Peer 1: 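The following block contains the structure, expressed as structure tokens.
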Amino acid sequence: MATAQLTAFSISVSARNLSSFEGLRASNVKFASFKPLVGVGLPLSRRSFQGLIVKAATVVAPKYTSITPLGDRVLVKIKTVEEKTESGILLPSSAQSKPQGGEVVAVGEGKTIGKGKLDISVKTGTQVVYSKYAGTEVEFDGSSHLILKEDDIVGILETDDIKDLKPLNDRVFIKVAEAEEKTAGGLLLTEATKEKPSIGTVIAIGPGPLDEEGNRKALSVSPGNTVLYSKYAGNDFKGSDGANYIALRASDVMAVLS
């Protein structure tokens with residue numbers, strides 16, 4: 001059987017030759033040396049990784065003083081991560097929850113729909129909540145920012161309480177039903193064995209999605225409806241009242257219960 005050996009070597013990666021990325025700080029990455037591998041069916045050769053950049057966020061050089069989003073994109077200044085609990089206990093970085101909100105600091109010119117152009121629906125200074133894994137993170141002017149599409153903004157939040165969220169576009173905001181405390185036979189369930197509910201009450205809805213002519217299409221659910229939704233859809237939130245909430249797209253709502 002053919003075997004192959006990969007001799008130990010180190011790869012150094014630099015952004016030095018990426019002239020098209022002027023303004024981004026160079027990032028050096030070193031990969032640990034590889035140990036010999038035995039039993040690989042195909043011969044392996046050393047490959048060039050020149051120009052590869054591995055970074056958590058793009059860092060904009062200080063010489064650039066502003067960022068102007070294009071199209072239907074929005075620039076959001078991310079809220080600072082809480083480093084302490086309300087009782088003053090210092091949280092390790094692993095226990096700090098990733099923020100999902102921030103302040104809009106710049107908006108694009110909007111997008112073209114049909115023969116017309118539609119402006120961005122949020123303005124600078126607006127406090128928004130966005131999808132958890134949306135956008136591109138940028139370190140700029142000493143703070144963390146996010147460039148994302150307007151459609152990735154879940155809603156507007158003018159207070160510190162998530163239950164006051166005002167959904168945008170085709171989003172639906174739901175208060176999740178409480179999990180069953182007992183089985184049908186009367187056995188008490190622990191937190192680990194409680195099934196995550198996918199039923200809740202609609203608290204608020206967005207104005208609806210846009211059609212090809214830029215008109216809003218009404219959603220098929222209304223505040224007060226009890227609905228069944230896709231189990232793993234949307235973004236989960238915990239309210240100050242201890243209740244669980246979820247924001248998801250109207251297409252993830254499967255049925256109205258009555």
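None of the values given here were measured: they were computed from a predicted structure.
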Peer 1: Side-chain contact, heavy-atom cut-off 4.5 Å: Leu118 with Leu210?
Peer 2: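 With C-beta onward as the side chain, the pair touches.
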Peer 1: Side-chain contact, heavy-atom cut-off 4.5 Å: Leu148 with Val76?
Peer 2: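 Yes, their side chains come closer than 4.5 Å.
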Peer 1: Does a side-chain heavy-atom distance below 4.5 Å link Tyr133 with Asp152?
Peer 2: no
Peer 1: Please identify each residue that fulfils salt bridge (charged side-chain N to carboxylate O under 4.0 Å, His left out) with Lys175, with sequence neighbours left out.
Peer 2: none
Peer 1: According to side-chain hydrogen bond (donor to acceptor under 3.5 Å, both in side chains), who are the partners of Lys117, at least two apart in sequence or on a separate chain?
Peer 2: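 Lys117: no side-chain hydrogen bond (donor to acceptor under 3.5 Å, both in side chains) contacts found.
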Peer 1: Is Ile153 close to Val129 at the side-chain level, that is, under 4.5 Å between some pair of heavy atoms?
Peer 2: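 A side-chain contact is absent here, since even the closest heavy-atom pair is not under 4.5 Å.
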Peer 1: Mind checking side-chain hydrogen bond (donor to acceptor under 3.5 Å, both in side chains) for Asp161 and listing every partner two or more places apart, or none if nothing turns up?
Peer 2: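 Here the qualifying residues are Lys163, Ser240.
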Peer 1: Is the shortest heavy-atom distance from the side chain of Asn235 to the side chain of Ser131 under 4.5 Å?
Peer 2: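 Yes, at least one pair of side-chain atoms sits under 4.5 Å.
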Peer 1: Between Thr159 and Asp164, do the side chains contain a donor N or O and an acceptor N or O under 3.5 Å apart?
Peer 2: yes
Peer 1: Side chains of Thr126 and Glu103 only: does a donor on one sit below 3.5 Å from an acceptor on the other?
Peer 2: no
Peer 1: Would you say Leu257 and Ile199 make side-chain contact, with heavy atoms under 4.5 Å?
Peer 2: yes
Peer 1: Could you identify which residues cluster with Leu70, counting Ile, Leu, Val, Met, Phe, Trp and Tyr as linked when any side-chain heavy atoms lie under 4.5 Å apart, either directly or through a chain of such contacts?
Peer 2: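 Besides Leu70, the hydrophobic cluster comprises nothing; the residue is isolated.
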Peer 1: Would you mind listing every salt bridge (charged side-chain N to carboxylate O under 4.0 Å, His left out) that reaches into residues 66-75, with sequence neighbours excluded?
Peer 2: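 Only Asp72-Lys149 qualify under salt bridge (charged side-chain N to carboxylate O under 4.0 Å, His left out).
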Peer 1: So Thr58 and Glu139, side-chain hydrogen bond (donor to acceptor under 3.5 Å, both in side chains) or not? Walk me through it.
Peer 2: CA-CA 6 Å; Thr58 301; Glu139 291 291 336; over 6 Å; no
Peer 1: Only counting residues at least two apart or in another chain, list the ones meeting salt bridge (charged side-chain N to carboxylate O under 4.0 Å, His left out) with Glu109.
Peer 2: none
Peer 1: Output all residues satisfying salt bridge (charged side-chain N to carboxylate O under 4.0 Å, His left out) with Lys111, sequence neighbours left out; order by chain, then residue number.
Peer 2: none
Peer 1: For Asn244, enumerate each residue passing the side-chain hydrogen bond (donor to acceptor under 3.5 Å, both in side chains) test, keeping only those at least two apart in sequence or located in another chain.
Peer 2: Lys238
Peer 1: Taking only residues at least two apart or on different chains, which pairs with a member in residues 214-230 satisfy salt bridge (charged side-chain N to carboxylate O under 4.0 Å, His left out)?
Peer 2: none
Peer 1: Using a 4.5 Å cut-off on heavy atoms from C-beta on, say whether the side chain of Leu75 contacts that of Pro69.
Peer 2: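 A side-chain contact exists here, since the closest heavy-atom pair is under 4.5 Å.
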Peer 1: Which heavy atom of Ala247 sits nearest a heavy atom of Phe237, and at what distance?
Peer 2: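 Ala247 and Phe237 have their closest heavy atoms at CB-CE1, 4.0 Å.
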Peer 1: Please collect all salt bridge (charged side-chain N to carboxylate O under 4.0 Å, His left out) contacts where either partner lies in residues 246-258, sequence neighbours excluded, each pair once.
Peer 2: Asp151-Arg249, Asp170-Arg249
Peer 1: If we only count heavy atoms from C-beta on, is the Ile174 to Thr201 side-chain gap below 4.5 Å?
Peer 2: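 A side-chain contact under 4.5 Å is absent here.
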Peer 1: Name all residues meeting the side-chain hydrogen bond (donor to acceptor under 3.5 Å, both in side chains) criterion together with Asp241; count only those two or more places apart in sequence or in a different chain, and write none if there are none.
Peer 2: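 So Asp241 forms a side-chain hydrogen bond (donor to acceptor under 3.5 Å, both in side chains) with Tyr245.
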Peer 1: Do you know which two heavy atoms are closest between Ala250 and Leu219, and how far apart they sit?
Peer 2: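 Closest pair (atom of Ala250, atom of Leu219, distance): CB-CD2, 3.8 Å.
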Peer 1: With sequence neighbours excluded, tell me which residues meet side-chain contact (heavy atoms from CB on, under 4.5 Å) with Ser143.
Peer 2: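 Checked Ser143 against side-chain contact (heavy atoms from CB on, under 4.5 Å); matches are Lys77, His145.
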